[in-house]
Each structure stands twice: as C-alpha cells, then as structure tokens.
Amino acid sequence: MHERRVVDVAVTHARSVRRQPQAEFVFALRGRTITSVRRHGKFLFAELDGTDALVAHLRMSGQLRINAAADELLKHTHVVITLDNGEELRFVDPRTFGEMFVDKLDDDRPAALRSLGPDAMDSRLSAAGLHARLTAGRRVSTLKAALLDQRALAGVGNIYADEALFASSLHPKRLAASLQLDEARVLRSQLRRILKAAITARGTSFKDEGYVDAYGQLGGYSRRHKVYGRDGQPCPRCATPIEKSVIAQRGTHFCPTCQSIRDVLETPR
DNA sequence: CGATCTACCTGATGGC
DNA sequence: TGCCATCAGGTAGATC
C-alpha cells in the first residue's frame, strides 16, 4: 500500500468537524501525507507526516469509505478527502454523532486521546493490569459500567461488554470493586478472543445497513452474539431465557443462571 | 473526587 | 396505510 497525499478537503456538514474551526481542519490536512493508519479504542487515526493525525470517531452511525471520485455520493456524506490517486476518503454519518478532527500526535496517539485507557486488545495489558483498572477507585459502580469506562479500558462498547461478561460468567451488576484476580484473568482472555473474532467478522451490523467497512461490506458478527439482542431467547449454554435490563444507563443482556451473582448491589429482577 | 444524568440525532420499529 | 412515540448507541459536559 502506497502512502497517499491529501490533495483536497471538503466539509459539507459543520457538525462533523466540531472540535476546531473548519478552516483550521482543512488547512491542517491539505497537502499532508498519510504515513500510517491506526486505532486506539474506538478512535481511528491517520498519521500525517508523523507529526499530526487525522482522527475519526464513527460513534453509532458513521462510516469511513474509500470511493472512486465518480462514485455516487451517499446521502449524509459530510466530509470528502480527495487523495493523490484520485480516490476519495468519505465520512458518511446519518446521525452526526461521529466526528473528525486534526490533532497533534503525542507519542503513540493523538493528544486528545491521552485520557483513554489502554486499548482492550493491547497484549501488554496484563490480567493484573486489567484488574487494577477495573477496580481502582470504584466505590459503587458496576462491572458493566467499569467495562464501558473508556478511561479505564478503551474500545469496549455495549455489545462487546455484554458478550465478554457472558463468556466470563460474570454478572453485569457485580460491584466492579469485587472483581477477583482470577476472574480478571478470564475476562481478559475472553475480551481478547471476542474482539479479535468481531474484528475478523468486520464487526456487528444490524439489518441491511449501518456498520460497514471502508468498501461498504457489512459486518457479520451479530450471528455470533450469545446474549446481545437475544433477550427472551434461550441461553446457548443452559437454555434459561436471556434477560434484558438497564444497567449503567445501557440496555444490558445476560443469562441470570450462567452469570453468577455472589456480590451484587441489589438483587436483579 | 466518583457517579449519574442529559443532550446530541435519525432511522427503524411498534402501537393504534 | 399512516401517524406518532419510543428506542438505540458513545461521549462530553453538567450536575449531584
């Protein structure tokens, strides 16, 4: 893969570039060469000549796509970055929760991402390290809330939090501070396994549209969900109906039988 | 300080 | 069929 130079930038929806003045964004990009493309947690970033980075977060409905210039513009295309081979990097985002910005690189990541915890797939994060991050300073928060806290661990969202907790036989409402080291060991390996498989399957797409890769391909991981979106259906392990309730302000799916309680804030249900 | 709540937004879905 | 209300998701910022 060749390095690509940015030859032009067009922002057609101001909200998609809201962290900085639009003109600053365009000026910081035009003429720069993309030297690598990386990820930290849910943020994607392209290094620009090794000093700045073009950062993107897709939130729920965003897509980053590579298109030929002649390809039809999808509805909700908010940013178009023209590359020196004539192709375009397009940011498409119906709900406009996603964003792009240019930021200074600070060591291994853009400065704005400094407050994020280590990436959940980072092999240097040990079980003891994960244990410390999920328990440290937490007085009353649940395991589910801790897993979703991007300052503790970056990259785990609602779907994969539920899947990892199920695979680890941990109740989402467990007090985070009650997590034992041996449980953190299991959680670490299940998180890594699930995220790896989800990435291989190009993630989770619902229905006929939504989450796609840079070439418009849908993700196939939802077929592998064991609990997410399966409330009322039998647990694949013990056949108890999967429950859904709101935990940490998020729809949360779990098996009340397989995911042991031991130590919860309140009795579920 | 940690924990919790709200705004942001639109397409899909469910009820009538 | 159509209309309307509700829901889903991640993060920043406000508030408790």
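So you know, we letter chains A, B, ... as the sequences are listed, proteins then strands, and number each from 1.
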S.K.: Does a side-chain N or O of A:His76 approach OP1 or OP2 of B:dG11 to a distance below 4.0 Å, or not?
M.R.: yes

S.K.: If you assign A:Lys75 and A:Ala136 each to the DNA chain B nucleotide with the nearest heavy atom, which residue ends up on the more 5' nucleotide?
M.R.: A:Ala136

S.K.: Quick one: sort the A:Phe43 and A:Phe101 rings into parallel, tilted or perpendicular, breaks at 30° and 60°.
M.R.: perpendicular

S.K.: Given atom CG of A:Leu148 and atom P of B:dA3, what is their separation to the nearest angstrom?
M.R.: 14 Å

S.K.: Per the salt bridge (Lys or Arg N to Asp or Glu O under 4.0 Å) rule, which among A:Lys104, A:Arg39, A:Arg38, A:Arg109 passes with A:Glu47?
M.R.: A:Arg38

S.K.: Considering only C:dG10, B:dT4, B:dC8, which nucleotide approaches the side chain of A:Arg15 most closely?
M.R.: B:dC8

S.K.: Whole angstroms only, please: what is the CG-P distance between A:Asp93 and C:dA8?
M.R.: 20 Å

S.K.: Could you state the atom-to-atom distance from CZ of A:Arg95 to C1' of C:dT11 in whole Å?
M.R.: 15 Å

S.K.: Between B:dT10 atom C1' and A:Leu58 atom CG, what is the distance in whole Å?
M.R.: 16 Å

S.K.: Rounded to whole angstroms, how far apart are CD on A:Gln249 and C1' on C:dA8?
M.R.: 15 Å

S.K.: Give the rounded distance in Å between these two atoms: CE of A:Met60 and P of C:dC7.
M.R.: 16 Å

S.K.: Kindly indicate whether the side chain of A:Arg18 and the base of C:dA12 share any N or O donor-acceptor pair separated by less than 3.5 Å?
M.R.: no

S.K.: Assert yes or no for the condition that the ring centre distance of A:His171 to A:Phe254 is strictly below 6.0 Å.
M.R.: yes

S.K.: So which nucleotide from C:dA8, B:dA3, B:dC8 ends up closest to the side chain of A:Phe97?
M.R.: B:dC8

S.K.: Does any donor-acceptor pair link the side chain of A:Arg250 with the base of C:dG10 at a separation under 3.5 Å?
M.R.: yes

S.K.: Using whole Å, what does the distance between atom C1' of nucleotide C:dG13 and atom CD of A:Gln150 come to?
M.R.: 16 Å

S.K.: Under 4.0 Å between a Lys/Arg side-chain N and an Asp/Glu carboxylate O for A:Glu163 and A:Lys226?
M.R.: no

S.K.: Just call it for A:Lys144: base, sugar-phosphate, or nothing, with non-hydrogen atoms closer than 4.0 Å on any strand.
M.R.: nothing

S.K.: Could you tell me whether the phosphate oxygens of B:dT10, OP1 or OP2, come under 4.0 Å of any side-chain nitrogen or oxygen in A:Ser61?
M.R.: no

S.K.: Between atom CZ in A:Arg19 and atom P in C:dT11, what is the gap in whole Å?
M.R.: 10 Å

S.K.: Determine, for A:Lys144 against A:Asp162, whether the closest basic-nitrogen to carboxylate-oxygen distance falls under 4.0 angstrom.
M.R.: yes

